[in-house]
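Accompanying notes for the structure given below.
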Amino acid sequence: MVIDHAEEMPMYKKGHRGWKKHADFLILNLLCLHLSFILAYCLRFQNGKLPYQDPVYLNIAVVLSVLDVLVSLLFNTLHNVLRRGFYQEIASTLKQVMLLFMISTLYLFSVQQSEEYSRIVLYLTMAFYAVINYGARLLWKRLLVKLGKSSARSMLIVTKDALAEEIFTDLKNTH
């Protein structure tokens with residue numbers, strides 16, 4: 001009988017593939033992006049309003065959100081996110097930010113909205129996003145390790161059929 005603790009943590013199951021595997025990091029990226037966007041807007045305009053109250057900035061917030069998810073999925077920026085060290089994480093975060101910056105700039109140019117939108121807000125958003133997202137990824141990975149969900153463990157037990165159920169129950173009760 002094989003006891004696989006990965007079943008208890010389906011998000012980090014070894015054979016799990018696709019974007020669902022790192023949905024938590026996709027959501028974390030979006031939260032960091034919007035926090036960065038709000039900070040950049042508030043620093044630039046200092047009018048006491050949120051960017052979502054301005055139709056132009058609401059539109060770009062939606063576009064940035066969609067582009068951020070697409071960059072993560074199409075350019076695979078979350079590949080091996082749980083196994084990366086500090087320097088690899090910096091490189092991956094910068095890759096995410098630079099791709100998002102380039103594609104969003106191309107979008108703004110293509111739809112001819114670049115004049116309505118403050119370039120300072122875009123630059124500040126990307127700078128804040130790089131720093132905030134890097135820190136958030138490190139903290140989230142540390143939390144996952146602390147909770148024991150960052151790597152699913154498997155165990156192979158060789159025993160007699162008569163003892164298998166008892167061993168399985170004992171192991172289940174200890175975790």
Side-chain angles (χ1 to χ4, degrees), residues 11-147 149-151:
M11 207 152 106
Y12 294 97
K13 196 172 174 181
K14 195 167 192 173
H16 204 318
R17 299 282 182 246
W19 67 270
K20 293 178 187 175
K21 182 177 179 181
H22 295 304
D24 54 343
F25 282 96
L26 286 173
I27 293 168
L28 184 67
N29 284 354
L30 288 173
L31 290 173
C32 292
L33 176 63
H34 282 275
L35 177 61
S36 302
F37 185 64
I38 291 168
L39 286 173
Y41 181 88
C42 290
L43 271 175
R44 169 65 176 93
F45 292 110
Q46 299 176 357
N47 59 8
K49 295 183 180 181
L50 290 175
Y52 310 109
Q53 295 170 311
D54 183 337
V56 173
Y57 286 91
L58 175 62
N59 178 49
I60 196 63
V62 172
V63 169
L64 284 173
S65 298
V66 171
L67 290 177
D68 189 56
V69 171
L70 287 174
V71 165
S72 294
L73 298 177
L74 296 176
F75 293 96
N76 211 13
T77 59
L78 295 175
H79 181 67
N80 286 333
V81 67
L82 296 173
R83 296 183 185 142
R84 293 194 289 238
F86 296 110
Y87 299 117
Q88 290 172 320
E89 195 61 57
I90 288 172
S92 179
T93 303
L94 290 177
K95 176 182 175 183
Q96 174 86 20
V97 171
M98 294 308 296
L99 285 167
L100 180 61
F101 175 73
M102 290 186 299
I103 296 169
S104 60
T105 302
L106 178 65
Y107 167 80
L108 288 171
F109 180 76
S110 298
V111 296
Q112 297 178 351
Q113 277 191 336
S114 57
E115 292 179 10
E116 299 173 28
Y117 186 76
S118 171
R119 288 180 292 276
I120 293 173
V121 171
L122 183 62
Y123 298 147
L124 286 174
T125 297
M126 294 305 150
F128 290 149
Y129 184 42
V131 173
I132 293 170
N133 196 21
Y134 175 70
R137 284 184 185 189
L138 292 180
L139 289 173
W140 186 246
K141 288 194 299 188
R142 182 177 290 169
L143 180 65
L144 289 175
V145 168
K146 190 174 184 178
L147 295 174
K149 295 183 179 181
S150 67
S151 61

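The two atoms that bring T77 and V71 nearest to each other are CG2-O, 4.1 Å, heavy atoms only. Residues L28 and A136 come closest through the heavy atom pair CD2-O, 3.6 Å. Residues C32 and S36 come closest through the heavy atom pair O-OG, 2.7 Å. Taking all atoms of both residues into account, the shortest heavy-atom contact from R83 to Q88 is O-OE1, 4.2 Å. Residues V121 and T125 come closest through the heavy atom pair O-OG1, 2.6 Å. Across all their heavy atoms, N29 and S72 have their closest contact at ND2-OG, 3.5 Å.
A distance-only check finds no donor-acceptor pair linking the side chain of K146 to the backbone of K141 [under 3.5 Å]. Distance alone, capped at 3.5 Å, places no donor-acceptor pair between the R142 side chain and the R137 backbone.
Counting heavy atoms from C-beta on, the side chains of L82 and V145 never come closer than 4.5 Å. Two residues are said to be in side-chain contact when any heavy atoms from C-beta on lie closer than 4.5 Å; Q96 and L100 fail this criterion. Taking the side chain as every heavy atom from C-beta outward, Y134 and L94 never approach each other to under 4.5 Å. The closest side-chain heavy-atom distance from S104 to L122 is below 4.5 Å.
If you take CZ on R119 and CG on L108, they are separated by 10.5 Å, rounding to the nearest 0.5 Å. Taking CG of L124 as the reference point, atom CZ of F128 lies at 5.0 Å (rounded to 0.5 Å). The structure places CG of L35 at 10.5 Å from CG of N133, a figure rounded to the nearest 0.5 Å. One distance of note links CG of L78 with OG of S92; it measures 6.5 Å at 0.5 Å rounding. Taking CG of L144 as the reference point, atom CG of L139 lies at 11.0 Å (rounded to 0.5 Å). Taking CH2 of W140 as the start and CG of L31 as the end, the distance is 10.0 Å to the nearest 0.5 Å.
No option in I60, V66, D68, V62 other than I60 meets the side chain to side chain contact (heavy atoms under 4.5 Å, CB included) test with L64.
Between Y57 and Y117, the ring-plane angle classifies as tilted under the 30° and 60° cut-offs. Taking the six-membered ring where tryptophan is involved, the planes of H22 and F25 are perpendicular, since the angle between them exceeds 60° and thus also 30°. Below 30°, between 30° and 60°, or above 60°: for F101 and Y123 the angle between ring planes is between 30° and 60°, a tilted geometry.
Heavy-atom neighbours of K49 NZ from other residues, nucleotides or ligands within 6.0 Å: at or below the threshold of 12. By the neighbour-count criterion of 12 heavy atoms within 6.0 Å, atom CD of Q53 is densely surrounded, having more than that number from other residues, nucleotides or ligands.
Under 3.5 Å, the side chains of Y52 and H34 contain a donor-acceptor pair of N or O atoms.
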side-chain contact (heavy atoms from CB on, under 4.5 Å) evaluation trace for I132 with L39: CA-CA 11 Å; I132 293 170; L39 286 173; 3.9 Å; yes

